[in-house]
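Have a look at the structure below, then the notes.
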Amino acid sequence: MDEELRSLADRLRGEARASDAVPAYERLLSTDDRDELAAVLTERERPLWAREIAAFRLGCAGDRRAFEALVLLLNHRDPARCVSAAHALARLGDPRTARAAAALATNQLRTAYALHPVRLLTALRAPEAVPALITTLRPLLSPDTPYWRVALACVEGLGELGDKRAVEVLEVALARPRLASAAAVALRRIA
């Protein structure tokens with residue numbers, strides 16, 4: 001069992017115990033039958049923890065049947081679920097992933113949950129990444145934004161991607177105390 005799956009399993013063990021479903025939990029972690037895992041994603045009345053295990057395992061195995069479930073988990077309120085979904089989506093290899101992450105990151109009604117889509121976009125290095133990070137960052141440059149961690153992830157991501165289209169927005173970020181250091185590093189990487 002790799003480290004990411006072990007972390008997911010540890011986190012979800014309590015949810016399985018609470019629903020008195022430890023045998024089902026153990027089966028989902030041990031089965032190599034992708035069809036069995038995919039069925040969990042569509043069967044009625046399956047708990048979220050079961051769907052998350054199935055989607056994660058399928059996504060890490062490159063099975064595109066996990067795509068929709070993983071995108072929903074990437075947009076979840078629970079940051080741990082977002083981290084697991086982003087990990088699996090990065091390994092899935094589905095060409096829709098970057099577009100979905102960009103849509104989640106740029107949705108201003110969901111900015112509070114944009115941190116992991118932003119990080120996923122950076123990891124994917126897809127053509128959608130730079131425009132989406134710039135679009136996400138611009139409204140977060142006001143001094144009173146409560147989403148400075150999302151803004152910081154955008155700044156760091158733009159630096160890592162090294163695209164000159166980000167220079168203007170990064171120069172504005174230099175004036176924000178929480179972003180200034182990362183913006184300076186990002187601008188140096190781009191130059």
Reported [atom1]-to-[atom2] distance for the pair [X] and [Y], which is rounded to 0.5 angstrom:
{"X": "F67", "Y": "L41", "atom1": "CZ", "atom2": "CG", "result": "13.0 Å"}
{"X": "I190", "Y": "R165", "atom1": "CD1", "atom2": "CZ", "result": "10.5 Å"}
{"X": "L29", "Y": "R13", "atom1": "CG", "atom2": "CZ", "result": "8.0 Å"}
{"X": "L140", "Y": "Y147", "atom1": "CG", "atom2": "OH", "result": "9.0 Å"}
{"X": "F56", "Y": "L5", "atom1": "CZ", "atom2": "CG", "result": "5.5 Å"}
{"X": "T31", "Y": "I53", "atom1": "OG1", "atom2": "CD1", "result": "12.0 Å"}

Query - Any pair counted as salt bridge (Lys or Arg N to Asp or Glu O under 4.0 Å), so long as it reaches residues 138-160, sequence neighbours left out - result: R125-E160
With no hydrogens and no angle check, is any side-chain donor or acceptor of [X] less than 3.5 Å from a backbone partner on [Y]?
{"X": "R178", "Y": "W148", "value": "no"}
{"X": "D163", "Y": "A166", "value": "no"}
{"X": "T145", "Y": "L141", "value": "no"}

NZ/NE/NH1/NH2 to OD/OE distance under 4.0 Å, [X] and [Y]:
{"X": "R96", "Y": "E68", "result": "yes"}
{"X": "D35", "Y": "R65", "result": "yes"}
{"X": "E15", "Y": "R81", "result": "yes"}

Taking the side chain as every heavy atom from C-beta outward, state whether [X] and [Y] have any atom pair closer than 4.5 Å.
{"X": "H87", "Y": "C60", "result": "yes"}
{"X": "L121", "Y": "T136", "result": "no"}
{"X": "V71", "Y": "N75", "result": "no"}
{"X": "V150", "Y": "L137", "result": "no"}
{"X": "R99", "Y": "P127", "result": "no"}

Closest approach of [X] and [Y], non-hydrogen atoms and distance?
{"X": "S84", "Y": "R11", "value": "OG-NH2, 3.0 Å"}
{"X": "H76", "Y": "C82", "value": "O-SG, 3.1 Å"}
{"X": "R51", "Y": "T42", "value": "NH1-N, 4.0 Å"}
{"X": "G59", "Y": "A66", "value": "N-CB, 3.7 Å"}
{"X": "H116", "Y": "P79", "value": "NE2-O, 3.8 Å"}
{"X": "L12", "Y": "Y25", "value": "C-CE1, 4.0 Å"}

Find out if a path of hydrophobic residues (ILVMFWY) with successive side-chain heavy-atom gaps under 4.5 Å connects [X] to [Y].
{"X": "L89", "Y": "L72", "answer": "no"}
{"X": "L28", "Y": "L73", "answer": "no"}
{"X": "L115", "Y": "L179", "answer": "yes"}
{"X": "V172", "Y": "V118", "answer": "yes"}
{"X": "L152", "Y": "L187", "answer": "yes"}

Requested in this report: Inspect the surroundings of CG in D20 and state if more than 12 heavy atoms from other residues, nucleotides or ligands are less than 6.0 Å away.
Outcome: no
Report task. Answer yes or no: are there more than 12 heavy-atom neighbours, outside E168 itself, under 6.0 Å from its atom CD? Result -> no
Report summary line: Those residues at least two apart in sequence (or on a different chain) that pass salt bridge (Lys or Arg N to Asp or Glu O under 4.0 Å) with R17 are none
Query - side-chain contact (heavy atoms from CB on, under 4.5 Å) partners for Q108, two or more places apart - result: T111, P139
